[in-house]
Colleague: 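My structure is below; once you've seen it, I'll send some questions.
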Amino acid sequence: MTSVGIIGSGFGALAVAIELKRAGHTDLRLWERSHDLGGVWRDNTYPGAGCDVPSPLYSFSFEPNPHWSRRYALQEEIHAYIRSVADTYGITPLVRFDREVVAARWDEESATWTVTIADASTGSGTTEETVDILISAVGQLSRPVPPRIDGLDSFEGTSFHSAQWDHSFDATGKSVAVVGAGASAVQLIPHLARDARKLVVFQRSPNYLMPKPDKPYKAFHKKLFQIAPISQRLERGGVWAVTEQFARGLDDESRVGRINKAIAMWHLRKQVADPELRAKLTPDYPIGCKRILFSNDFYPALAQDNVDVVTHAITKVTPKGVVDTEGVEHEVDAIIYATGFDTQDFLQSIDITGTRGQKLATQWADGAHAYLGMYVPHFPNMFVAYGPNTNLGGGSIIFMLEAQARHMRQTLDRLVAGDYRSVEVTEEAELAYDRELSEKLEHSPWAHCDNWYRHRSGRITSNWPGSTRPFAQATRTMDPTAFRWA
Ligand code: NAP
């Protein structure tokens, strides 16, 4: 029986594990560095954390949930969903908790991966395990980064990253600074604005913000979803169709892009009366270049009297607060860094060695790239879920993950059926794929401003160009000629 080791236990790991298990590949183990499963939906517990993709689509196609409390579920509910899916499909018992994969080495003789695993509960000691197939499902947003600002450690108040929320912190009556105005900040700021005495938001770039058509599901909807599951499938299909259009129109030039921009500007005008604040919140780059955000309560929060939006850059953090380029020191009791994640260096926290001592970190020094985002030359029997160029500017990552899982299953099926020991994508196939992709990415909206989708080399490493249907088509049938089977 071919043994498979999966790194992670979030949506990506579950998508692959369930697909493989259902196909009869049952020698599976998942290594999870934490004590619980769920990936980003376990870690991001800041107030207001939730998903800006509607839940009927932001869920597995094979496991619709008629019990969603609202159209855009919040973190706790999504995390509970992940746990329940893992239980339903018998994945939970396969997870080895508190096991952090720190290295993996391909052994040509045995055609296996030797995986080095640290005990994350004690922080000491490593063990080794051997598997035939290594699958990374560590995600793209699992390593929070505080900003590089002088004096960060000198601050004497409370400070933490949005993805490492300190639940002992109570903002009531306090003065609080938030650094960042991205997807996480937009969700947490309305909560802080309500509780804090004073809130200072340091916004480096404004975002295009659209209204969020959120609403609680009534008892009637839930009953309908249960007795006529087709109704929820129809809603899923409708949401998918809308997000496909949205993803196609992520630029100023397209008709959908122009409509999106008009809606975002209308939303700003409607919610922010003060022209000075409105000017601060008006993006000066083409729509779609950064993630378009959705919120009904972010702008009203910023318009509150106790909230200041500072658009000057930060020069340093002092023991008392934050200093901006105007020389103003904003004294605060707490600083919250909603500054995002280390997204550029894919898989670099794991020392991965492929054929003839090839290091993945070296191969990807100028930015990660992989055939269909999943397969890397010189790294046989290694598959990557939510790998390079599989993130979306709009739409559901879960849809993408299911497509990847199906492709990986086909590859594994052929390996087993053909009695092969290893499968490795050819350099030619990967190069040809990457050339075509790079051409599309050059003309994508993400090429026109700074964003987390781009590697410092300039290469766009995170995003898939376009909507999800072409990706599903490209991955529907595994092409055996793209691989070397041995
Ligand atoms: P992010 O989108 O990377 O935003 C980071 C924010 O911090 C940006 O506003 C950035 O400004 C700012 N920043 C970074 N360094 C700074 C500095 N030195 N000084 C001032 N500002 C600084 O991170 P995020 O909000 O955590 O979201 C990351 C991703 O997670 C999202 O794009 C999305 O894919 C995912 N997410 C999804 C949801 C959802 O609803 N589905 C919710 C939260 C997060 P610049 O824009 O100028 O760089």
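When a residue number appears, it is its place in the shown sequence, counting from 1. Whatever order the structure lists ligands and atoms in, that order sets their numbers, starting from 1.
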Colleague: Show your reasoning for whether ring pair (Phe, Tyr, Trp, His ring centres under 6.0 Å) applies to Y81 and Y58.
Modeller: CA-CA 11 Å; Y81 171 79; Y58 196 80; 8.9 Å; no
Colleague: Please verify whether a non-hydrogen atom of G50 lies at under 4.0 Å from ligand 1.
Modeller: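 Contact present.
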Colleague: With a 4.5 Å heavy-atom cut-off, do P64 and F225 have their side chains touching?
Modeller: no
Colleague: Looking at S205, which atoms of ligand 1 are within less than 4.0 Å of one of its heavy atoms?
Modeller: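 What qualifies from ligand 1 is 45 (P), 46 (O), 47 (O).
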Colleague: Using ring pair (Phe, Tyr, Trp, His ring centres under 6.0 Å) as the criterion, point out the one residue from Y299, Y208, F246 that pairs with F294.
Modeller: F246
Colleague: Given Q187, R204, R291, Q140, identify the one with the heavy atom nearest to atom 13 (N) of ligand 1.
Modeller: R204
Colleague: Does an N or O from S184, backbone or side chain, lie closer than 3.5 Å to an N or O of ligand 1?
Modeller: yes
Colleague: Just to confirm my output: which protein heavy-atom neighbour is closest to atom 4 (O) of ligand 1, and how far is it?
Modeller: G182 CA, 3.8 Å
Colleague: Is any N or O atom of A181, backbone or side chain, closer than 3.5 Å to an N or O atom of ligand 1?
Modeller: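 In this structure, A181 places an N or O atom under 3.5 Å from an N or O of ligand 1.
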Colleague: Is the closest side-chain donor-acceptor distance between T172 and D195 under 3.5 Å?
Modeller: no
Colleague: Quick test of your reading of the model: are R459 and D366 salt-bridged, counting only N-O distances below 4.0 Å?
Modeller: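 No salt bridge links R459 with D366.
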Colleague: So, regarding K290 and ligand 1 (criterion: nitrogen or oxygen to nitrogen or oxygen, under 3.5 Å), is there a contact or not?
Modeller: yes
Colleague: Has D434 got a side-chain atom pairing as donor or acceptor with E430's backbone, closer than 3.5 angstrom?
Modeller: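 No, because the side chain of D434 does not come within donor-acceptor range (under 3.5 Å) of the backbone of E430.
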Colleague: With heavy-atom distances below 4.0 Å as the criterion, list the atoms of ligand 1 near G180.
Modeller: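 Taking each heavy atom of G180 in turn, ligand 1 has 6 (C), 7 (O), 9 (O), 12 (C) under 4.0 Å.
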Colleague: Would you say R469 has more than 12 foreign heavy atoms packed within less than 6.0 Å of its CZ?
Modeller: no
Colleague: Please state which protein non-hydrogen atom is closest to atom 35 (C) of ligand 1 and give its distance, to 0.1 Å?
Modeller: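 Answer, as residue, atom name and distance: L141 CD1, 3.7 Å.
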Colleague: Before accepting this row, confirm whether a basic side-chain N of the pair R71/E235 lies closer than 4.0 Å to the acidic partner's carboxylate O.
Modeller: yes
Colleague: Have a look at A338, A185, S162 and point out the one with the heavy atom closest to atom 6 (C) of ligand 1.
Modeller: A338
Colleague: What about C51: any of its N or O atoms under 3.5 Å from an N or O on ligand 1?
Modeller: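 For ligand 1, there is no N or O atom that lies under 3.5 Å from one belonging to C51.
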Colleague: To which protein heavy atom is atom 23 (O) of ligand 1 closest, and what is the distance rounded to 0.1 Å?
Modeller: G340 CA, 3.1 Å
Colleague: What's the verdict on ring pair (Phe, Tyr, Trp, His ring centres under 6.0 Å) for F160 and Y337, showing C-alpha distance, side-chain angles and the deciding distance?
Modeller: CA-CA 6 Å; F160 50 87; Y337 299 107; 8.9 Å; no
Colleague: Would H407 and Y375 satisfy ring pair (Phe, Tyr, Trp, His ring centres under 6.0 Å), going step by step from the backbone distance to the final call?
Modeller: CA-CA 11 Å; H407 197 278; Y375 306 96; 5.4 Å; yes
Colleague: Quick one: which of Y453, W452, Y46 has a heavy atom closest to atom 32 (O) of ligand 1?
Modeller: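 The nearest heavy atom belongs to W452.
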Colleague: How far is atom 18 (N) of ligand 1 from its nearest protein heavy atom, and which residue and atom is that?
Modeller: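 Scanning the protein heavy atoms, the shortest distance from atom 18 (N) of ligand 1 goes to P147 CB, 3.4 Å.
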Colleague: Would you say Q404 and F471 make side-chain contact, with heavy atoms under 4.5 Å?
Modeller: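 Yes; the side chains approach each other to less than 4.5 Å.
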Colleague: Can you sort out which atoms of ligand 1 are near V179, meaning under 4.0 Å from one of its heavy atoms?
Modeller: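 Answer for ligand 1: 19 (N), 20 (C), 21 (N).
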Colleague: Could you check atom 36 (N) of ligand 1 against the protein and tell me its nearest heavy-atom contact, residue, atom and distance included?
Modeller: A183 CB, 3.9 Å
Colleague: Under 4.0 Å from any heavy atom of D52, which atoms of ligand 1 are there?
Modeller: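 By the 4.0 Å cutoff, the relevant atoms are 39 (C), 40 (O), 41 (N).
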Colleague: Tell me which part of F294 gets within contact of ligand 1: side chain, backbone, both or neither, using heavy atoms under 4.0 Å.
Modeller: neither
